[in-house]
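The structure appears right after this line, and notes come after that.
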Amino acid sequence: MDTHSSGAPAVWPRVPDEALAEQERVAALADLDSPGPAPGAVRLVAGVDVSYATGSDALVAAAVVLDAVTLEPVESALVEGRATFPYVPGLLAFRELPSVMAALDKLTRTPQLLVCDGYGIAHPRRAGLAVHLGVLTGLPCFGVAKTPFVFRSGPPGAERGAGSPLTSDDGEVVGRALRTQKGVRPVYVSVGHGIGLDNACAHTLRFAPRYRLPETTRLADHLSRERLRATSGA
DNA sequence: GCGACAG
DNA sequence: ATCTTGTCGC
């Protein structure tokens with residue numbers, strides 16, 4: 001898919017100082033009002049993830065396209081790169097997205113929806129990974145995180161599909177703790193761009209029919225980790 | 001000042 | 001994120 005006509009910066013920020021300005025710019029461009037595509041309107045969905053090596057700055061980014069109905073893999077792309085930005089909570093996008101965008105650019109198919117690790121607007125400046133990725137690609141995008149970040153929620157019900165709002169200090173709903181499997185820790189869903197929370201959660205449940213995490217994330221994680229091992233690993 | 005802190 | 005053995009369970 002073409003990412004060169006997107007709003008991605010020509011030169012990515014290398015230090016937190018530059019990153020904050022870019023984050024402010026991106027947050028202002030996010031579409032947080034559209035309900036976005038419901039499950040029935042999505043044929044192709046893409047998942048992205050990045051794996052890192054221990055003793056070096058080597059990394060591998062993966063972008064995988066799945067049939068949104070059968071969850072069968074359609075296409076995948078891997079990019080071997082180098083970490084050029086430190087891990088700073090709140091600035092994850094600048095560490096992961098340059099390589100992720102390169103992986104997306106290698107895809108021949110364009111999905112109607114993007115799913116990533118981490119958060120969207122459930123972020124100190126409403127500019128989580130999914131917000132950046134959605135704005136940069138122009139595609140509907142939301143995030144599914146494994147642990148809470150800066151916000152908390154009450155415990156969702158025990159049944160699959162149960163949810164509990166992630167709320168900011170001022171009572172704004174910024175995401176949802178969602179139980180994707182009975183008796184398993186919930187995941188944390190928050191929107192990034194061009195999709196509403198209800199649809200994001202509906203997609204998440206369809207993409208996670210058997211495991212805690214959506215297949216998009218699981219497959220991207222497997223492929224990136226596998227390539228990292230084969231290259232930088234032992 | 002101190003702790004917390006997506007991946 | 002990554003470093004790591006065995007173990008309990010479907």
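Below, chain A is the first sequence line, B the second, and so on; all start at residue 1. We use all heavy atoms of the structure for the numbers below, so side chains are in, but hydrogens, waters and symmetry mates are not.
A side-chain contact (heavy atoms from CB on, under 4.5 Å) with A:Leu104 holds for exactly one of A:Thr110, A:Thr3, A:Leu139, A:Val79; it is A:Thr3.
Between A:Arg126 and A:Glu172 there is a salt bridge, with a side-chain nitrogen of the basic residue lying less than 4.0 Å from a carboxylate oxygen of the acidic one. Checked for salt-bridge contact, A:Glu80 and A:Arg227 meet the test: a charged N lies under 4.0 Å from a carboxylate O.
We find that CZ of A:Phe85 is positioned 14 Å from C1' of B:dA6, with the value rounded to whole Å. The nearest whole Å value for the distance from the CZ atom in A:Arg210 to the C1' atom in C:dC10 is 9 Å. For the pair A:Tyr211 OH and C:dC10 C1', the interatomic distance rounds to 11 Å; values are reported in whole Å. Here the P atom of nucleotide C:dA1 and the CZ atom of A:Arg82 are 20 Å apart, to the nearest Å. Separating the CD1 atom of A:Ile121 from the P atom of B:dA6 is a distance of 18 Å, rounded to the nearest angstrom. Protein atom CZ of A:Phe151 is 12 Å distant from nucleotide atom C1' of B:dA6, rounded to whole Å. A straight line from NE2 of A:His123 to P of B:dG7 spans 13 Å, rounded to a whole angstrom. Rounded to whole Å, the distance from CG on A:Leu92 to P on C:dT2 is 13 Å.
DNA chain C forms no stem, meaning no run of 3 or more consecutive Watson-Crick or G-U wobble pairs whose two key distances fall under 3.5 Å.
In this structure, A:Tyr87 does not count as stacked on the base of C:dA1 under the 5.5 Å centre distance and 30° plane angle limits. A stacking contact links A:Phe149 to B:dA6: the aromatic ring centre lies within less than 5.5 Å of the base's six-membered ring centre, and the planes differ by less than 30°.
In the model, A:Glu96 has no side-chain atom that pairs as donor or acceptor with a side-chain atom of A:Tyr87 under 3.5 Å. With hydrogens and angles left out, the side-chain atoms of A:Arg212 and A:Gln181 include no donor and acceptor closer than 3.5 Å.
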Pairing string of DNA chain B (Watson-Crick or G-U wobble, both atom distances under 3.5 Å; | = paired to other strand) is .......
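Among the nucleotides C:dC3, B:dG7, B:dA6, the one closest to the side chain of A:Thr54 is C:dC3.
Heavy atoms from other residues, nucleotides or ligands lying under 6.0 Å from CZ of A:Arg25 number more than 12.
Across A:Arg95 and A:Ala83, no two heavy atoms sit closer than the pair NH1-CB, 3.7 Å.
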Given A:Val60 and A:Val50, is the side chain to side chain contact (heavy atoms under 4.5 Å, CB included) satisfied, shown in steps? CA-CA 6 Å; A:Val60 174; A:Val50 180; over 6 Å; no
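Put simply, A:Lys146 has a side-chain N or O that comes within less than 4.0 Å of OP1 or OP2 on B:dG7. A close approach under 4.0 Å does occur between a side-chain nitrogen or oxygen of A:Arg225 and OP1 or OP2 of C:dT2. For B:dC5, the OP1/OP2 oxygens have no side-chain nitrogen or oxygen of A:Thr147 closer than 4.0 Å.
Ring-centre distance between A:Phe207 and A:His203: below the 6.0 Å cut-off. In this structure, A:His193 has its ring center at least 6.0 angstrom away from the ring center of A:Phe142.
Nucleic acid contact for A:Arg152: none, since no nucleic acid atom lies under 4.0 Å from a heavy atom of the residue. Within the 4.0 angstrom heavy-atom criterion, base atoms lie near A:Leu91. Across all strands shown, A:Gly143 has no heavy atoms under 4.0 Å from either base or sugar-phosphate atoms.
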